[in-house]
Number of protein chains: 2
Amino acid sequence: MVQQVDGARRAPLNRDRVLRAAVALADNAGIETLSMRNLAQELGVVPMALYKHVANKEQLLDGMVDVVVGEIDPPVSGTDWKVGIRQRILSARKVLLQHPWASRVIESRPQPTPVVLDYLNSIVGMFRAGGFSVDLTHHVMHVLGSRVWGFTQELFPASPLPADPEKQEAMFHEMAGRYPHIAEIAMAAAHDEASVVGHSCDDQFEFEFAVDLLLDGFERLHEQGWTSTNRS
Amino acid sequence: MVQQVDGARRAPLNRDRVLRAAVALADNAGIETLSMRNLAQELGVVPMALYKHVANKEQLLDGMVDVVVGEIDPPVSGTDWKVGIRQRILSARKVLLQHPWASRVIESRPQPTPVVLDYLNSIVGMFRAGGFSVDLTHHVMHVLGSRVWGFTQELFPASPLPADPEKQEAMFHEMAGRYPHIAEIAMAAAHDEASVVGHSCDDQFEFEFAVDLLLDGFERLHEQGWTSTNRS
DNA sequence: ACCTGAACACCGTTCAAGT
DNA sequence: ACCTGAACACCGTTCAAGT
């Protein structure tokens, strides 16, 4: 009778509790802190106890992705394909922003889980319901890529700037000298919001801009009756 | 005089030799096999000897990315922005396909190296030379995202099918039942090339389709005189 | 001053011993 | 039959001892 170290009676471990604890740990402490050992400790359990509920760490990560994907809003029925898909993707984005580790983990999964396939299947279905051909739907899904999950690969990850304004200035000058074109667009963006290189982008605007450009492109191809043999 | 275990006189270690050996090891044995210890062994050297040439494993990965990015063709001068950028990106793709680990490693870098910034700077410069506004260039770079490196996030990673054709059939039926829309597009693609779910996509076609859709969209915005305050 | 073996603080997971 | 401590086979990196 020494199994409860911290006095509180613990609910019996199950897969769901393990996954939720893993998500919480990744949210709070970062994905790099998530180890089977740390997770076990968090749950007041010996590391090997986890292996009763998840086969290994890979399955743990799969399960964590399922938890996150489960938070995405269900499709809104009775809407145009374009606004419906747009809403769904922006809902996915909202969820992803609450779990900053999730985009990276989604990308790392070698095999999609049923939950992931369900989500993708429903998005595919929304294009089909909007009248898209099987062929075109296939290709636009590829074009959407990871954006169906609400994220974009960041080309210029936001890097914390040196606090010292003098060093900031030096850094900026070096940028402008070596990478004039990058400096130019960074400058222009910074203008908008009293900000500087690296902190300058309104990520939500960039994301919506990209999604809308893609959806508009898809619409145009659809209206033109695009087929893979009749490439216009 | 016992330092040369394998008899052959080894060239003195330097950063370049370390990076090239790391790239070769990742190419041949997979990125998961690349450890400081394995790399050292490959070079006939004690693990700690590597730390004279790279500060740590993160810097090693940065250096490996630089080697790969260095293989991308320089810009072809005297062309239209659209074909120039298209060529450059397809060249990047060719390089990336020779180093399957590289896309994942590029994505994982928290800070871009000078070599990476040079490449991005040159792409930005190609848009600017094509007459794109600073503003529009900024946003289209975000839309391009990881595609400037020649890769797309795969939504359905090619999964090896069970060799047993009976199991294949069972798998297919389950797919068609649970994920009818996915099954439908997978089926259609498979039709084209006597292939099956998961092996069905012509990745090069999908990539070029996406890049062309994006470049066409960019061109349209440019011609329409798009600005972020005058969103059409 | 340079080089490097041993050690440290971790991993995920196996396995056999204990209940 | 179930549970779990110790052990295994790894990591990246520090550090002190050896030359």
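Residue numbering restarts at 1 for every chain, and letters A, B, ... go by the order of the sequence lines. None of the values given here were measured: they were computed from a predicted structure.
A distance of 11.5 Å separates CH2 in Trp149(A) from CG in Leu144(A), rounded to the nearest 0.5 Å. Note: His181(A) NE2 to Asn121(B) CG = 5.5 Å, rounded to the nearest 0.5 Å.
As rounded to the nearest Å, dG18(D) and dC8(C) have P atoms that lie 16 Å from one another. Rounded to whole Å, the separation between the P atoms of dA9(C) and dA9(D) comes to 22 Å.
Considering only heavy atoms from C-beta on, Arg17(A) comes within 4.5 Å of Leu43(A) through its side chain. The closest side-chain heavy-atom distance from Arg178(B) to Asp118(A) is below 4.5 Å.
Of the N and O atoms on the side chains of Ser122(B) and Arg88(B), at least one donor lies less than 3.5 Å from an acceptor on the other residue. Checked by atom type, the side-chain pair Gln204(A)/Arg93(A) shows a donor-acceptor distance below 3.5 Å. A side-chain donor-acceptor contact under 3.5 Å links Glu71(A) and His99(A).
The distance from atom NE2 of His53(A) to atom P of dC2(D) is 12 Å, rounded to the nearest whole Å. Atom NZ in Lys52(A) sits about 14 Å away from atom P in dG5(D), given to the nearest Å.
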Item to check | Per-nucleotide protein contact string for nucleotides 6-19 of chain D, where B marks a base within reach and S marks sugar-phosphate only (heavy atoms under 4.0 Å, - for neither) | outcome: -B---BBBBB----
Item to check | Verdict with supporting geometry, Asn38(B) and Thr33(B), side chain to side chain donor-acceptor pair (under 3.5 Å) | outcome: CA-CA 7 Å; Asn38(B) 282 342; Thr33(B) 301; 5.6 Å; no
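Stem regions for DNA chain D, each three or more consecutive Watson-Crick or G-U pairs with both distances under 3.5 Å and listed by first number, read C:4-8 with D:12-16, C:12-16 with D:4-8.
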